[in-house]
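One is the number of the first residue; the rest follow in order along the sequence.
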Amino acid sequence: MRLLLLAAGGGAIGAGLRFLVNQAFARPEIDNGVLAFPYATLTVNVVGSFLMGAIVVWFGERFGSDPALRTFLATGILGGFTTFSAFSMDAFSLYVDRGSSLALTYVLLSVALSIGGLVLGLAATRWVLQ
């Protein structure tokens, strides 16, 4: 239960930080029905991935593998800020531990299936709402 509360509390902080980044860019994601370049999303994904790397090294060397601290920071704050940081860490870990072909397979499957899932979700919801 403690780890769940740490993840939830960190997630609230991360979501708030993501909101602030979106506000900092202060431009609509959709301009006249066309998606503008998602600078805010790109920013949180890149910053979140950088912070995931920094947290893994810094806190791993300073505090060991404290599950409470890792849950609060990585799963909670960065998970609320962006789940792309976890994806980046998984892809890099696969590369280091299992080789480039498995890591590339994971990256390609993640991107293709996630976009495919989005398209299917859009289509299914539109179909239900008709």
Side-chain angles (χ1 to χ4, degrees):
M1 180 57 96
R2 178 175 176 247
L3 292 179
L4 173 64
L5 293 174
L6 287 168
I13 293 167
L17 292 171
R18 181 175 182 149
F19 174 80
L20 292 174
V21 170
N22 287 337
Q23 293 301 302
F25 283 92
R27 39 180 296 198
E29 290 293 321
I30 297 181
D31 184 25
N32 295 325
V34 177
L35 181 65
F37 192 81
Y39 291 104
T41 301
L42 179 63
T43 299
V44 297
N45 286 340
V46 173
V47 169
S49 294
F50 172 81
L51 291 174
M52 179 65 83
I55 284 170
V56 166
V57 171
W58 178 264
F59 288 98
E61 290 184 8
R62 298 287 183 195
F63 302 104
S65 59
D66 179 14
L69 190 58
R70 186 175 178 105
T71 297
F72 178 70
L73 295 171
T75 303
I77 292 177
L78 291 179
F81 190 60
T82 174
T83 58
F84 197 80
S85 57
F87 164 76
S88 299
M89 187 65 206
D90 290 342
F92 183 74
S93 294
L94 279 174
Y95 174 75
V96 169
D97 297 339
R98 309 271 312 273
S100 60
S101 63
L102 187 60
L104 181 61
T105 299
Y106 173 68
V107 168
L108 294 175
L109 281 173
S110 294
V111 171
L113 293 175
S114 294
I115 292 171
L118 173 79
V119 170
L120 286 174
L122 290 168
T125 304
R126 287 179 179 145
W127 181 77
V128 167
L129 293 177
Q130 288 182 357

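In this structure, Thr82 and Gly48 approach most closely via the heavy-atom pair CG2-CA, 3.8 Å. Scanning all heavy atoms of the two residues, the minimum distance from Val107 to Ala91 falls at CG2-CB, 3.8 Å. Closest heavy-atom contact between Ala40 and Asn22: CB-OD1, 3.0 Å.
Separation of atoms CH2 (Trp127) and CG (Leu120) is listed at 13.5 Å; rounding is to 0.5 Å. Here the OG1-CZ distance, from Thr105 to Arg98, works out to 10.5 Å after rounding to the nearest 0.5 Å. The CG atom of Leu51 sits 13.5 Å away from atom CH2 of Trp58, with the distance rounded to the nearest 0.5 Å. From Leu73, atom CG reaches atom CG of Leu69 across 4.5 Å, with rounding to the nearest 0.5 Å.
Partners of Phe72 under the side-chain contact (heavy atoms from CB on, under 4.5 Å) rule, at least two apart in sequence or in another chain, are Leu6, Ile13, Ile77. Annotation: side-chain hydrogen bond (donor to acceptor under 3.5 Å, both in side chains) contacts of Ser88 (sequence neighbours excluded): Ser49.
Criterion: ILVMFWY side-chain heavy atoms under 4.5 Å apart, direct or through other members. Under it, Phe84 and Leu94 are part of a common hydrophobic cluster. Tracing side-chain contacts under 4.5 Å through hydrophobic residues (I, L, V, M, F, W, Y), one reaches Ile55 starting from Phe50; they form part of the same cluster. A chain of hydrophobic side-chain contacts below 4.5 Å, direct or via other Ile, Leu, Val, Met, Phe, Trp or Tyr residues, connects Tyr39 to Leu17. If you chain together hydrophobic residues whose side chains sit under 4.5 Å apart, Leu78 and Phe59 fall into the same group. A single hydrophobic cluster is not seen to contain both Met89 and Leu109; linkage of ILVMFWY side chains at heavy-atom distances under 4.5 Å, directly or through other members, places them apart.
For Tyr95, the OH atom counts as loosely surrounded, since its 6.0 Å shell holds 12 or fewer non-hydrogen atoms of other residues, nucleotides or ligands. Residue-environment remark: OH (Tyr106) exceeds the threshold of 12 foreign heavy atoms within 6.0 Å. When the shell of 6.0 Å around CZ of Arg18 is examined, it contains more than 12 heavy atoms from other residues, nucleotides or ligands.
At a threshold of 4.5 Å between non-hydrogen side-chain atoms, the residues Asn45 and Phe87 do not count as touching.
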